[in-house]
Amino acid sequence: MRISILMPNLLLPNGESPVIGGLERYAWQLISLMRELGYEVDVHQFAGTDWHRQISGIDVYGYGMASWSETAALEAMHQNTGAVLYLSIMQAPLRYKPRSVIVSHGVWWDDPASSGDYVQRSLEVCRQALTEAGHVVSCDYSFLNVVRSFYPALADRVTVIPNFVDLAQFYPSHAQGNPLRVLYPRRLERCRGADMFVQMARTLVQRGYDHLNFEMAVDRNHPDRNEALVEVTRDLEAVLAVRTYPFEAMGDVYRSAQIVVFPSLCSEGTSLACLEAMACGCAVVATDVGGLTNIIINGYNGILVPPRLHELTRAVEYLVCHPHDRALLGERAQATARAFDVQAWKRRWSEVILTVYGSV
Amino acid sequence: MTGGRVAILTTNHFHPAGDRVIYGGAEKYGVELSRLLLSLGFEVSWWQIGDGWQKEILPGVIVRTLPAAEAPFHTIPQLNQAFHERAVDHDYFIYFVTFLAYPQAMEASISISHGVYWDYPGFDATLNTEADRAEWRRRLGIALSGPIRVVSVDTATINWVAATFPGLVSRFEYIPNFVDVAAVDATEPAGKAPGRIRVVYPRRLTTVRGINEMVRAAEVLSGRYPEVEFHFIGRGHQDEVEKDMMAWVSRHPGTYYYWLPPEDVLRVLKSADIAVIPSKAAEGTSLACLEAMAAGCAVIASWVGGLGNLIIDGYNGLIIKPTVHDLLASLERLIRDEELRVFLGRNARETAKAFDLPVWEQRWRKVIQSVFV
């Protein structure tokens with residue numbers, strides 16, 4: 001039996017190279033699980049022109065119609081496929097196929113700058129997804145709770161499967177850093193709070209912490225943003241580095257840091273990067289946004305702060321000054337991360353897939 | 001810091017007739033908050049709905065009453081108005097429930113969210129039209145905008161606000177509920193015969209707390225596992241419910257129904273192997289859940305409200321969808337797997353220390369000192 005995965009972008013719209021991000025890693029993890037279960041899998045995505053690629057033995061189809069109408073592209077995908085799985089809740093208007101699964105990666109419309117109209121539209125998009133598809137798999141309890149608060153009767157369609165970490169790639173090291181390294185391991189999207197990280201670093205430097213080293217491990221999707229970041233952090237270049245890494249190197253990147261910061265403003269699920277930093281035994285400071293609050297228990301396995309600069313800075317400063325607590329939080333982060341082992345994620349997902357799509 | 005008079009507005013610390021303390025998490029919260037304010041040198045008074053009585057809940061802390069008859073759109077503007085007239089000689093103000101700050105809030109004020117309470121299907125039916133729901137939401141938005149700080153016991157509420165009134169979250173402060181770890185440690189466990197496995201449901205007998213699902217699960221499992229005891233500890237809202245429950249346990253060997261004062265509930269929790277918190281809605285960072293964790297129980301909690309702030313599935317408890325099916329599966333798993341039970345219980349005990357009462361006091365102190373100046 002074949003399951004088609006419908007998603008915005010596994011490859012860039014020109015089909016030439018992979019997009020780098022959590023959604024794409026999620027897709028590959030799911031593809032590999034479905035193949036292990038014996039299903040055939042292909043991927044249908046938005047594109048600039050029509051194309052067909054094969055990557056790691058998977059057929060990927062790009063739909064050029066998306067360049068003027070995502071709805072039309074999705075309708076074309078529906079016509080070309082049988083059983084489907086939507087890798088995210090679609091923003092474009094469409095009728096979901098019945099007996100399908102939609103993945104929710106968390107609340108996305110909680111940006112402080114969102115207008116009331118946008119909030120209403122997003123809630124309506126959720127209502128429709130829950131009503132039309134049989135199942136929604138959510139990566140956090142936060143999305144589920146928001147859904148239940150608006151549509152109590154629809155909440156039963158949601159199954160929560162928290163995100164995963166591969167413990168074979170992400171494990172701790174025992175090296176003590178000198179100088180101490182503070183890491184930002186996220187994409188350069190506004191909602192991820194990169195500017196708050198920079199300002200926090202600047203404040204700590206001004207306060208005279210001269211043994212600190214800051215690193216921003218960012219994505220390569222928008223080279224112009226990276227250049228701009230290097231430009232605005234010119235005053236910190238002696239202590240702050242902006243770098244990009246292939247995913248395979250990220251284990252070592254986390255292991256080289258003692259403190260890892262997730263300063264998200266909004267739009268956050270059970271972040272893969274946060275779980276990976278935890279599995280590497282880093283002390284984590286995260287904002288109390290979305291699903292981050294389902295993996296960090298403040299003061300037990302990390303520090304949770306509101307998304308405000310002052311409190312973020314204070315938390316990082318606390319960890320800088322308290323090596324014992326830093327080590328303890330890191331140890332417990334590593335212990336809790338084991339509960340998010342990718343093997344457990346696969347078991348949970350197998351149940352959903354077999355229930356919805358039937359045996360091969 | 002010393003001085004200043006704090007007035008706290010609530011709905012029901014006591015039953016409106018003044019005759020019976022409603023034991024529950026929120027009431028315990030109120031007492032600890034009063035103690036903290038006293039220790040910081042404030043005078044404290046409470047105001048609630050009632051017909052003219054007064055009661056002292058701690059030395060010098062008086063509960064006074066205000067008249068209020070109607071609660072349109074889940075707000076009580078009459079109570080709010082009466083409070084603003086009568087408590088005008090106070091310096092600082094706390095709205096013990098968020099919606100009480102509608103339509104006006106005193107200047108130096110804080111409000112408290114004890115969790116999302118509008119996430120059960122019955123709530124929707126209380127607001128019949130889309131226009132009614134919009135009006136309720138409008139009023140809640142106004143209530144949340146007034147006080148300088150809104151303290152929320154869980155992040156589910158903050159996430160809901162962020163997804164409903166983006167931008168309003170900047171005044172929110174997440175302070176999860178507390179457990180008095182020292183008191184739990186000092187509690188002697190109740191007796192238990194060797195070889196028995198004790199399961200406790202330490203909640204009120206109400207639909208939103210998942211009582212129906214729990215009763216059904218106990219019905220199935222008590223026949224299957226004679227070594228397991230099921231203890232239901234908590235009051236119903238009506239005598240009828242309590243009578244029905246007693247009749248039910250009399251027909252099912254291995255099941256027990258009773259209620260106890262809070263300190264004795266702790267004794268039973270300390271003797272228990274498994275505690276079940278299967279809430280279907282209206283849940284914050286449940287005190288009962290925290291107590292069960294501090295007592296070292298393996299906790300089965302639903303994924304509702306703030307419970308996902310306390311439990312990490314498979315690390316310090318199990319998180320389930322609050323259905324009979326999931327309750328049965330998780331209970332059976334823990335009944336059969338002693339090693340897992342012990343692992344979860346041990347981690348729950350460790351995690352509970354992050355919610356110790358002194359930590360809660362320290363977090364609250366920060367908020368009080370930033371607002372009451």
Side-chain angles (χ1 to χ4, degrees), chain A residues 106-116 118-119 122-123 126 138 140-153 155-156 158-160 162 265-266 268 288-301 304-308 311 332 335-341 344 348, chain B residues 115-125 133 137 152 154-176 280-281 283 302-316 319-323 347 350-356 359 363:
Chain A
V107 170
W108 68 85
W109 63 91
D110 54 340
D111 189 320
S114 293
S115 69
Y118 180 64
V119 169
S122 301
L123 285 167
C126 288
S138 169
D140 64 15
Y141 307 116
S142 167
F143 173 81
L144 169 64
N145 280 316
V146 167
V147 163
R148 191 187 318 92
S149 311
F150 281 98
Y151 311 115
D156 280 350
V158 180
T159 301
V160 178
L265 304 172
C266 56
E268 193 60 89
D288 56 11
V289 168
L292 288 170
T293 64
N294 299 140
I295 50 184
I296 299 289
I297 295 173
N298 189 17
Y300 181 74
N301 61 350
L304 278 183
V305 294
R308 299 192 280 264
E311 304 187 52
R332 285 165 170 173
T336 39
R338 281 189 220 137
F340 298 89
D341 184 358
R348 290 168 172 154
Chain B
V116 169
Y117 53 84
W118 49 88
D119 58 339
Y120 61 99
F123 184 86
D124 222 39
R133 286 186 280 274
R137 216 169 285 137
S152 177
D154 65 16
T155 60
T157 313
I158 299 177
N159 288 329
W160 182 84
V161 170
T164 307
F165 311 110
L168 201 53
V169 283
S170 62
R171 66 187 61 232
F172 273 70
E173 193 79 38
Y174 166 49
I175 303 184
K280 294 176 75 70
E283 189 61 90
S302 73
W303 55 31
V304 168
L307 294 172
N309 290 142
L310 309 178
I311 302 287
I312 292 174
D313 186 38
Y315 176 74
N316 60 350
I319 290 203
I320 61 163
K321 187 172 188 163
T323 59
N347 288 339
E350 281 304 307
T351 323
K353 292 178 190 164
F355 301 90
D356 199 1
V359 178
R363 290 173 178 160

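Just so it is clear, the model here is predicted, and its values are computed rather than measured. Values reported hereafter were calculated over all heavy atoms of this structure, with side chains retained and with hydrogens, waters and symmetry mates removed.
Options A:A335, A:P307, A:G116, A:S122 differ in how many heavy-atom pairs under 4.5 Å they form with chain B, and the most are formed by A:A335. Between chain A and the residues B:V304, B:N316, B:I158, B:T157, the largest count of heavy-atom pairs under 4.5 Å involves B:V304. The choice from A:S142, A:G291, A:G299 that makes the most heavy-atom pairs within less than 4.5 Å of chain B is A:S142. Of the listed residues (A:R332, A:R338, A:R348), the greatest number of heavy-atom pairs within a distance under 4.5 Å of chain B belongs to A:R348. Among B:A156, B:P176, B:G305, the residue with the largest count of heavy-atom pairs under 4.5 Å with chain A is B:G305. Interface check for chain B: of the options A:A153, A:G290, A:A113, A:P162, the most heavy-atom pairs under 4.5 Å are formed by A:G290. Of the listed residues (B:S170, B:G122, B:A281), the greatest number of heavy-atom pairs within a distance under 4.5 Å of chain A belongs to B:S170.
In this structure, the side chains of B:P166 and A:V119 come closer than 4.5 Å at one or more pairs of heavy atoms. A:D110 has its side chain out of reach of B:V169: every pair of non-hydrogen atoms, C-beta onward, lies at least 4.5 Å apart. The shortest side-chain heavy-atom distance between A:Y300 and B:E350 falls under the 4.5 Å cut-off. A:V160 has its side chain out of reach of B:I319: every pair of non-hydrogen atoms, C-beta onward, lies at least 4.5 Å apart.
At a 4.5 Å heavy-atom cutoff, the contact between A:F340 and chain B is made by side-chain atoms alone. Within the 4.5 angstrom heavy-atom criterion, no atom of B:R133 approaches chain A. Using a 4.5 Å cut-off between heavy atoms, A:A344 makes no contact with chain B at all. With a threshold of 4.5 angstrom between heavy atoms, B:V116 approaches chain A through side-chain atoms but not through N, CA, C or O. Looking at A:V147, neither its backbone nor its side chain comes within 4.5 Å of chain B, counting heavy atoms on both sides. For a residue to count as touching a neighbouring chain, one of its non-hydrogen atoms must lie under 4.5 Å from one of that chain's; by this rule B:F172 touches chain A with the backbone only. For A:D111, the part lying under 4.5 angstrom from a heavy atom of chain B is the backbone only. Heavy atoms closer than 4.5 Å to chain A are found in both the backbone and the side chain of B:T164. Neither the backbone nor the side chain of B:D154 comes within contact range of chain A; no heavy atom of the residue lies under 4.5 Å from a heavy atom of that chain. Proximity to chain B is limited to the backbone of A:I295, based on heavy atoms less than 4.5 angstrom apart. The contact between A:V289 and chain B is made entirely by backbone atoms, counting heavy-atom distances below 4.5 Å. Contacts of B:K353 with chain A are absent, with no heavy-atom separation under 4.5 Å from either backbone or side chain.
Although no hydrogens or angles enter the test, the distance criterion places no donor-acceptor pair under 3.5 Å between the side chain of B:D119 and the main chain of A:R148. Put simply, the side chain of B:K321 gets close to the backbone of A:D156: a donor and an acceptor are under 3.5 Å apart. A donor-acceptor contact shorter than 3.5 Å is absent between the side chain of B:D124 and the backbone of A:Y151.
The OH atom of B:Y315 sits 7.5 Å away from the CG atom of A:N301 when rounded to the nearest 0.5 Å. Interatomic distance, CZ of A:F150 versus CH2 of B:W160, reported as 5.0 Å (0.5 Å rounding).
Among all heavy-atom pairs drawn from B:G314 and A:A339, the shortest one is C-CB, 4.2 Å.
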Original post:
Taking it one step at a time, do B:W303 and A:N294 satisfy side chain to side chain contact (heavy atoms under 4.5 Å, CB included)?
Top reply: CA-CA 10 Å; B:W303 55 31; A:N294 299 140; over 6 Å; no

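None of A:N145, A:V107, A:T293 except one satisfies the side chain to side chain contact (heavy atoms under 4.5 Å, CB included) rule with B:N159; the exception is A:T293.
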